[in-house]
Structure formats: structure tokens, C-alpha cells
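A short worksheet on the structure shown next.
One-based numbering, in listed order, for ligands and for the atoms of each. One is the number of the first residue; the rest follow in order along the sequence.
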Amino acid sequence: NWTMENFIETEIERIRSLIGPTGEVIGAVSGGVDSTVAAKLLNEAIGKRFHAIFVDNGVMRLNEPQQVHDTLTEHLGINLKVIDASDIFLGKLKGVTDPEKKRKIIGNTFIEIFEEESAKLDAESGGKIEYLLQGTLYPDVIESISFKGPSQTIKTHHNVGGLLENMKLKLIEPLRELFKDEVRALGTLLGIPDELVWRHPFPGPGIAIRILGEVTPSQVEIARKADYIFIEEIRKAGLYNKISQAFACLLPVKSVGVMGDQRTYEQVIALRAIETVDFMTADWFAFDAKFLKRVSGRIVNEVAGVARVVYDVTSKPPATVEWE
Ligand code: XMP
């Protein structure tokens with residue numbers, strides 16, 4: 001009979017016999033549930049012969065790269081290499097305001113850096129890396145079969161899709177028969193902390209598509225701080241698991257405010273929180289007024305550069321979840 005415990009055992013055996021006694025595997029981790037569960041499964045199967053690579057693209061949330069590092073290494077014992085490529089990504093994003101260009105730059109830069117790092121690791125291991133791990137789920141498999149051509153997508157979603165094209169690696173996809181809820185259950189059994197197992201989805205291009213207009217280091221700092229406060233208050237209010245996704249968006253608009261007896265002229269933060277089953281349609285989340293008052297007060301007081309906070313009350317459709 002099919003149980004998750006059995007699945008883990010058979011899958012680990014299958015991975016071991018596929019890789020052999022000396023083969024090695026690489027895989028990108030993002031800090032999300034799919035790539036972490038896939039990585040932990042490989043770690044259980046072949047230990048240090050699995051190499052996880054985490055690329056810090058400079059547009060993750062506040063403290064996120066550090067958290068990903070700590071959870072994967074200290075908590076899960078995964079062999080992890082962190083590449084701080086923030087300067088490279090932010091350098092390439094300079095002057096870019098078009099959302100699709102931002103996505104392409106981030107996606108392509110990620111692939112370049114990952115390929116470079118995997119070539120290094122392969123050289124260090126004496127050419128033993130034969131496989132690339134991907135955290136593909138069953139719905140991704142179905143989608144790639146049924147949706148042909150880019151005309152179907154409103155936004156190009158760059159995760160680790162294009163990775164294999166130039167690399168002479170075979171693919172290993174241990175989650176390809178599982179649905180999201182099964183991956184979460186698997187993650188829990190593998191000892192992955194609840195906070196990560198139940199994390200809201202976070203887009204590959206990160207807060208670059210939540211900073212409207214140009215992505216500069218100072219804009220990143222403002223967007224990060226505002227987002228951190230919003231999520232912290234959501235957690236404190238016990239609402240995190242009722243909401244499907246929530247974030248702050250930094251608008252390229254200045255607005256007049258008053259702080260003490262000073263006139264200010266600073267930017268606007270838009271807050272977005274949605275409830276959805278499949279992310280194809282979504283409703284905005286109805287916070288109570290007290291909650292919104294608290295968050296807006298904290299953001300304006302604690303985040304330099306913000307003079308005004310607004311709440312997005314648009315459903316999908318007609319609006320998308322992200323602002324870009
Ligand atoms: P939209 O904005 O299309 O978002 O309604 C639906 C879901 O997809 C996520 N999203 C992305 N995820 N790369 C990703 O990995 C992207 O470029 C991207 N754009 C949107 C969004 O966060 C939401 O969960």
C-alpha cells in the first residue's frame with residue numbers, strides 16, 4: 001500500500017541505484033518548499049555527494065539568504081554552497097524598468113551563475129557530477145505537456161526552467177508524481193521546519209517585480225523593510241496560514257506627507273494580500289481596520305522613504321497577484 005513513509009524508502013533506494021556508489025548530483029535551492037524537499041531527499045540518499053547551490057540574487061526578502069543558509073546547513077545537514085551574486089544582479093538591473101526585461105535578466109543571470117558554479121564543483125569532484133536535481137511537481141509536468149507555446153502565459157515565470165539546455169547533465173526529479181500537499185507532508189516527515197513547509201510562494205524574480213520602476217539598492221532596502229513589517233504583523237495576528245500570499249510593493253510615486261511639523265515628500269507602499277486555491281483567480285484578503293492601521297503606522301514610522309501606505313482591493317481577475 002502507498003504511504004509517504006514507503007515513498008521515502010523506495011525513492012531513496014531508487015536514487016541510490018541510479019547515482020551509483022560514487023556519482024554526484026547538483027541542484028539549485030531557492031528557499032522554497034519544493035527545492036528544499038527535493039534537496040533533503042537527495043541528502044538522505046547520498047549525503048555529501050549531493051551539492052546544493054543557493055544563488056543570492058540581491059532581491060530576496062530581508063535576512064532571507066541567511067535564513068536559507070541556516071535552515072539547510074545547520075538544521076537539515078545539506079551540503080550547501082551559497083553564492084552571493086547580489087552585485088552582479090543589481091548591476092544588470094540598473095536602469096531597467098520593464099517587468100518582462102527584469103524577469104529575463106534575473107532568469108538568464110541565474111542560469112549563467114549556476115552553470116559557472118556547477119562547472120567549478122564538477123572540476124573539484126573530478127568530473128563525477130552527472131545529474132541535476134529539479135523539484136518539478138506533478139502539476140508542472142501536466143502544465144508543460146498541455147500548454148504549448150509562450151502565447152499561453154501572461155508573464156514568463158523564470159524559475160530554474162532553462163537550466164538544462166547547455167548542461168550535459170541528466171535530470172533527476174523525485175517529486176514529479178506528487179502534488180503540493182503531498183510535498184508538504186513529505187517535507188514534514190523529512191524534518192523540514194513548519195515555517196518553511198507552509199511558506200507562501202515567492203516569485204523567482206523576487207522583490208525586483210515588487211519594486212515598480214528601477215531596482216536600486218536603496219529601493220530594495222525600502223521594499224524589504226516594509227515587506228518584513230507586513231509579514232511580521234500578519235504572523236503576530238495569527239493570519240499567515242489563512243492568507244495564500246502577502247507582500248509589500250514599492251510604487252515609483254512620491255506623495256506629500258507630514259511628520260512632526262515637517263512636510264515630507266516620499267514614496268508610497270502598496271500592500272497586497274490574497275486568498276486563492278490555484279493562483280489563477282484570487283480574492284483580496286479582508287483585514288480588519290485595526291490591523292491595517294497598525295501596519296501602516298509601523299511602516300511610515302519605521303521605514304525611511306515612505307510617506308503613505310495603501311491597501312490593494314483588487315481581485316484576480318482583472319488584476320494579477322503581482323503588480324508587475
Ligand atoms: P500573477 O501575478 O501572474 O501571479 O497573478 C500568480 C502567481 O505566480 C507568481 N509569479 C511568479 N513566480 N516567477 C515566479 O516564480 C515569476 O516571474 C512570477 N510572476 C508571478 C506570483 O507570485 C503568484 O504566486
Consider every N or O of V321 and every N or O of ligand 1, then say whether any pair is closer than 3.5 Å.
-> yes

Parallel under 30°, tilted from 30 to 60°, perpendicular over 60°: which one fits the rings of F291 and F287?
-> parallel

For Y228, what are the other residues in its hydrophobic cluster, where any two members join if their side-chain heavy atoms are less than 4.5 angstrom apart?
-> L62

Within-4.5 Å side-chain heavy-atom neighbours: L80 and F54 | yes

Between R210 and ligand 1, is there a nitrogen or oxygen pair with a distance under 3.5 Å?
-> no

Any N or O of E324 that comes nearer than 3.5 Å to an N or O of ligand 1?
-> no

Check: H200 ring centroid to Y240 ring centroid under 6.0 Å = yes

Looking only at non-hydrogen atoms, which of P205, P317, P203 approaches atom 12 (N) of ligand 1 most closely?
-> P203

Is the shortest N/O to N/O distance between G204 and ligand 1 below 3.5 Å?
-> yes

Which of the atoms in ligand 1, numbered in the order shown and given with their element, are less than 4.0 Å from a heavy-atom of K316?
-> 1 (P), 3 (O), 5 (O), 6 (C)

If you measure from each non-hydrogen atom of R103 to ligand 1, which part falls under 4.0 Å: side chain, backbone, both or neither?
-> side chain

Got a second to check how far S218's OG is from Q267's CD, nearest 0.5 Å?
-> 8.0 Å

Proximal ligand 1 atoms for E322, defined as those under 4.0 Å from one of its heavy atoms = 2 (O), 20 (C), 21 (C), 22 (O)

More than 12 foreign heavy atoms under 6.0 Å from NZ of K180: is that the case here?
-> yes

Proximity winner for atom 23 (C) of ligand 1, if only heavy atoms of Q245, K104, K102 are counted = Q245

Which pairs count as salt bridge (Lys or Arg N to Asp or Glu O under 4.0 Å) when at least one residue sits in residues 189-211, sequence neighbours excluded?
-> E64-R199, R210-E322

